[in-house]
Amino acid sequence: MKATSFGVLALTVLAGAMSSAFAQSGAPAMTDAEKEQAKKIYFERCAGCHGVLRKGATGKNLEPHWTKKDASGKVTEGGTLKLGQSRLEKIIGYGTDGGMVNFDDILTKEEISLMSKYIQNTPDVPPEYSFKDTLDSWKVIVPVDKRPTKQMNKFNLKNIFSVTLRDTGEVALIDGDTKQIRSIVKTGYAVHISRLSASGRYVYVIGRDGRLSLIDLWMEKPAVVAEVKIGFDARSVDTSKFAGFEDKYAIAGSYWPPQFVIMDGDTLKPRKVVSTRGMTVDGEYHPEPRVASIVASFIKPEWVVNIKETGQILLVDYSDIENLKTTTIASAKFLHDGGWDASKRYFLVAANASNKIAAVDTKTGKLAALVDTAKIPHPGRGANFVHPQFGPVWATGHLGADVVTLISTPSDDPKFAQYKQYNWKVVQEMKHVPGNLFVKTHPASKHFWADAPQNPDKDLAESVAVWDMADLSKPKAILNVAKDSGLPPTKAVKRAVHPEYSADGKEVWISLWGGKTDQSAIVVYDDATLKVKKVITDPKMITPTGKFNVYNTQHDIY
Ligand code: DHE
């Protein structure tokens with residue numbers, strides 16, 4: 001906002017058409033319309049990392065006490081320079097070394113200026129979302145007794161991929177055998193993940209807007225059979241997978257309000273809402289402890305629910321949901337994504353602000369280890385393989401460091417007894433590049449894949465690295481996925497993101513995540529030869545990101 005327009009805005013305030021922003025000493029004034037626009041952009045682009053209340057997690061704290069240069073003349077907050085309009089505009093436009101991406105190719109100059117003003121104003125506290133709100137939003141589109149009693153299509157369901165079409169609010173169900181799109185399903189906004197029921201029949205898809213959609217793969221053309229809105233902002237979902245509870249329950253985690261919802265698995269009828277507000281591992285109250293990753297145990301009727309801001313890992317026992325029992329395990333902040341070790345007894349989750357991986361022993365219900373790693377671990381679900389020198393390892397990549405970390409994991413198999421001495425130690429750091437989000441391998445493969453979509457270098461962001469797990473000292477192969485796709489070059493980065501294996505472990509699918517109006521693609525590689533097998537470029541496939549192979553997701557194979 002230019003200084004000359006300030007007086008005009010002040011008059012508007014007096015006329016009563018302004019937000020309360022002007023009253024917040026020293027914060028740039030905004031009209032109600034500007035504030036509404038900024039609120040929408042903040043939710044879509046910023047809240048995921050910085051939090052609705054802007055207390056910070058993956059991203060920095062953005063509360064006015066240090067975004068705003070106040071009239072008191074105080075220039076630092078805890079030794080850090082207060083930001084102010086022009087510094088904020090630079091950070092939003094060009095990003096930072098600390099992992100903040102540049103928004104100059106996503107937002108206009110005016111939007112960047114608007115957002116810089118918005119975050120110097122006090123955040124609004126959004127409304128709560130009650131059990132009744134959840135229940136009122138619940139819709140069964142096809143009742144259970146009207147659904148097929150057997151598979152009505154001829155697809156090889158095991159090898160279907162549920163693909164997030166991030167900017168269209170859809171998922172594409174792509175046949176892994178033929179590479180044909182079998183169905184495009186309307187879902188919530190910017191879907192985050194798809195997860196499978198224990199039977200592999202139902203796909204659960206959670207939108208960032210909290211809309212959970214249940215897709216029945218047995219229908220002739222798979223479609224949504226039930227829906228519910230579990231909150232305003234969400235990222236995670238899973239189902240009950242323990243013997244006797246298959247397909248019985250679903251659980252979805254919300255960022256705002258900070259809570260999780262337990263539902264019936266086949267209808268999504270809400271059964272229970274549980275708040276996650278409470279004390280951090282440091283003993284401080286946090287008003288917005290968001291639900292990060294959730295995973296279903298195979299060895300107990302339990303979900304592992306990771307609470308980001310408190311650093312508490314909850315083991316939620318669903319054997320009696322009317323009398324819910326929860327074990328709370330203190331780990332470290334801020335919990336984000338994670339996956340099972342090869343035995344599926346230990347769940348390993350990134351505590352990304354502490355540069356640690358927390359491992360929970362789901363058999364004993366105790367913390368097994370807190371392992372120090374390089375900066376900002378981001379495993380996705382991680383990847384398991386048998387290291388030639390150190391035995392079973394679980395791997396994580398890093399957003400903030402140029403390595404892939406290999407951590408030795410315990411095994412009951414006597415053939416691995418010699419490796420016990422390494423358990424829970426970092427046994428190797430493989431050289432990669434910063435900006436990695438996902439790593440992947442498969443029990444049938446000899447290769448290990450890692451992307452780098454957040455790397456500031458365009459070539460690196462458009463490429464993936466592949467190691468030979470039998471000899472990790474061999475130079476890794478770098479595959480430029482954008483070039484391999486044969487698509488015309490674009491100014492916007494086509495981020496190569498999220499390697500995902502086919503059910504048989506013979507192909508690796510990589511999304512090329514370009515601009516909303518650019519042609520995107522999924523590039524399918526032959527895992528043995530590292531040659532391109534197929535480039536899927538259907539015009540309907542807009543901004544593909546996460547891909548979830550039914551069989552691998554159902555059985556947590558990675
Ligand atoms: Fe994700 C997993 C949160 C940005 C693609 N992401 C997760 C999980 C969480 C999370 C909590 C674990 C879910 C689970 O296992 O139950 N992601 C967040 C954010 O808060 C963040 C940083 C910012 C935001 O606003 O959402 C964020 N994530 C992204 C993206 O920008 C990605 C790259 C593209 C997209 O589609 O939005 C992205 N996240 C993914 C994917 C997974 C994921 C593909 C699942 C990985 C898997 O293999 O299971």
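Note that ligands are numbered from 1 as they come in the structure, with each ligand's atoms numbered from 1 the same way.
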Residues pairing under salt bridge (charged side-chain N to carboxylate O under 4.0 Å, His left out) where one sits in residues 41-60, two or more places apart or in two chains, turn out to be K40-E44, K55-E63

At a heavy-atom distance under 4.0 Å, which protein residues reach ligand 1? Sort them by chain and number, would you?
-> G48, C49, R166, H192, I193, R195, R208, R235, S236, Y255, A292, S293, I294, H336, R381, L437, F438, K440, H498, W513, T545, G546, F548

Can you tell me if H378 and D337 form a side-chain donor-acceptor pair at under 3.5 Å?
-> yes

Verify whether one side chain among N102 and D104 offers a donor that lies under 3.5 Å from an acceptor in the other.
-> yes

Does any pair with a residue in residues 432-443 pass salt bridge (charged side-chain N to carboxylate O under 4.0 Å, His left out), and if so which ones, sequence neighbours excluded?
-> K440-E500

Using the salt bridge (charged side-chain N to carboxylate O under 4.0 Å, His left out) rule, collect all pairs that involve residues 249-266, keeping only residues at least two apart or in two chains.
-> D264-R271

Does T276 reach the main-chain N or O of P258 with its side chain, forming a donor-acceptor pair under 3.5 Å?
-> yes

